[in-house]
Amino acid sequence: MAASAGGKAITLQFNDNSLLPLLLGDHDRHLVRIEQALGVRLSCRGNRIAIAGDASRVDVAQEMLRGLWRRLEQGESVGRAEIEAAIRMADAENDPRLPLSDVPAIRTRRGAVGPRSPGQVSYMEALSNHEMVFGVGPAGTGKTYLAVAQAVAMLQAGKVDRIVLSRPAVEAGERLGFLPGDMKEKIDPYLRPLYDALHDMMPADQVIRRMTNGEIEVAPLAFMRGRTLAHCYAILDEAQNTTAMQMKMFLTRMGEGTRMVITGDLSQVDLPKGVRSGLRDALDTLEGIQGIGVVRFAQRDVVRHPLVARIVGAYDAREAAQGEVLRERERPYSSEL
């Protein structure tokens, strides 16, 4: 196959015809998506895929297809989520990473949980190497999900005795007193995302059993006061909605053999006007201290529906534009005399 000037063309051969349809996707939709994302031309004949385009992008497409093929050979799935993950990893400018299939996964008895964005790679490395980790960034980046996965993996491996999951009960201006039911019924909706992540990591009967015997505890932040959390994996979710005093209270619960993860999105603070977010205060105070890892996710790390990343980007662009307008208004007036 001939390459155009400044371009490159290669052909890959895949010898397992039972796996090839999984790589291509229904009606070759996986190839079409990779074409759109990388700006290359892909065509499949028999068990061969031809790649043509700019030399650097052809190399990226080649490595991507080989990495996806290795997943299939290892018995793992390749669907829309894995294609989008491979594209995000490939588009990480100035942040070279191993092929997605070679990045170490968090292994639970329910299965392996691997990274799907460059930010998630950094986050998983921090979760493995630090006793306290702050994961900060927009919704849909997997901050809480991966933290719960790491907690479950460590519990099942016997590296911690229990998991403590917590959230501040502050959401979008609502107040607990206006919700129906007793205290548990009022609080459970705020903790539902943590329950959902747990059920993804282990069978439902095991979740119930471990919660009953105290190995897993899901509780609002207010219930943490006065306690010492020893030999456990503690996660504080939605930490942008803590006050500075609440954040300090939680962080100082840390006891011997404990790991802590604090996650939040500073663009979605629901605290009353004028109240400083405890997450922002903690980052300003603690970032750089030995033993504390801080990972900041970006729009490119959003792993939900691709539209979510575009929504996050649109809001970020609007806030940046509004900030520029304010800076222009506040700039001192000067003129030459």
Side-chain angles (χ1 to χ4, degrees), residues 71 74-82 85 100-101 103-117 119-121 123-133 135 139-167 169 184-185 187-221 223-224 227 229-239 250 253-255 257-264 295 297 303-304:
R71 285 184 60 92
Q74 294 165 8
E76 300 179 37
S77 64
V78 169
R80 175 177 178 173
E82 287 70 34
L100 192 63
S101 60
V103 175
I106 297 172
R107 301 198 175 275
T108 70
R109 291 177 188 168
R110 191 80 173 229
V113 180
R116 293 186 172 181
S117 75
Q120 288 194 355
V121 175
Y123 190 48
M124 289 173 64
E125 290 172 348
L127 292 176
S128 177
N129 297 325
H130 293 83
E131 293 179 314
M132 181 178 291
V133 176
T141 49
K143 304 182 297 294
T144 303
Y145 192 85
L146 289 177
V148 173
Q150 181 75 2
V152 169
M154 292 188 72
L155 178 67
Q156 292 177 334
K159 296 179 179 178
V160 295
D161 295 336
R162 59 199 175 108
I163 298 172
V164 176
L165 308 175
S166 187
R167 268 186 159 200
K184 184 179 185 303
E185 291 169 332
I187 288 171
D188 271 357
Y190 293 92
L191 305 176
R192 176 50 53 188
L194 299 176
Y195 288 118
D196 291 344
L198 276 174
H199 282 281
D200 270 2
M201 304 301 164
M202 59 178 69
D205 60 335
Q206 192 178 137
V207 173
I208 294 171
R209 176 174 58 80
R210 289 182 183 270
M211 291 185 73
T212 301
N213 65 22
E215 289 181 89
I216 297 177
E217 178 184 353
V218 184
L221 178 59
F223 289 14
M224 296 295 109
R227 301 177 58 183
L229 303 177
H231 304 289
C232 78
Y233 203 105
I235 300 173
L236 175 59
D237 191 34
E238 296 290 338
F250 179 80
R253 301 307 93 197
M254 190 174 192
T258 287
R259 295 278 186 111
M260 278 190 168
V261 182
I262 300 92
T263 69
V295 178
F297 293 89
V303 297
R304 290 181 187 164

Judged by atom type as modelled, is there a donor-acceptor pair below 3.5 Å linking the side chain of [X] to the main-chain atoms of [Y]?
X      : Y      : value
Gln150 : Ala147 : no
Arg253 : Arg227 : yes
Tyr145 : Ala197 : no
Arg71  : Ser77  : yes
Arg259 : His130 : yes
Ser128 : Met124 : no
Ser166 : Leu221 : yes

Rounded to the nearest 0.5 Å, what separates atom [atom1] in [X] from atom [atom2] in [Y]?
X      : Y      : atom1 : atom2 : answer
Leu146 : Thr263 : CG    : OG1   : 11.0 Å
Glu125 : Gln120 : CD    : CD    : 12.0 Å
Ile208 : Asn213 : CD1   : CG    : 12.0 Å
His199 : Asp196 : NE2   : CG    : 7.5 Å

Do you know which two heavy atoms are closest between [X] and [Y], and how far apart they sit?
X      : Y      : answer
Val160 : Gly257 : CG1-O, 4.3 Å
Met202 : Ile216 : SD-CD1, 4.1 Å
Met201 : Ala149 : CE-CB, 3.6 Å
Tyr233 : Met154 : CE1-SD, 3.4 Å
Ile262 : Ala239 : CG2-CB, 3.3 Å
Phe250 : Met260 : O-CE, 3.2 Å

Tell me, do [X] and [Y] make a side-chain contact under 4.5 Å, heavy atoms counted?
X      : Y      : value
Met254 : Glu131 : yes
Val164 : Met224 : yes
Arg210 : Leu198 : no

Please determine whether side-chain contact (heavy atoms from CB on, under 4.5 Å) holds for the pair Val261 and Tyr123, giving the CA-CA distance in whole Å, both sets of side-chain angles, and the decisive distance to 0.1 Å.
CA-CA 11 Å; Val261 182; Tyr123 190 48; 3.3 Å; yes
side-chain contact (heavy atoms from CB on, under 4.5 Å) for Tyr195 and Val207? Distances and angles first, verdict last.
CA-CA 9 Å; Tyr195 288 118; Val207 173; 5.7 Å; no
Passes side-chain contact (heavy atoms from CB on, under 4.5 Å), Asp237 versus Leu165? Steps please.
CA-CA 8 Å; Asp237 191 34; Leu165 308 175; over 6 Å; no
Step by step, would you call Leu229 with Arg162 a side-chain contact (heavy atoms from CB on, under 4.5 Å)?
CA-CA 10 Å; Leu229 303 177; Arg162 59 199 175 108; 4.2 Å; yes
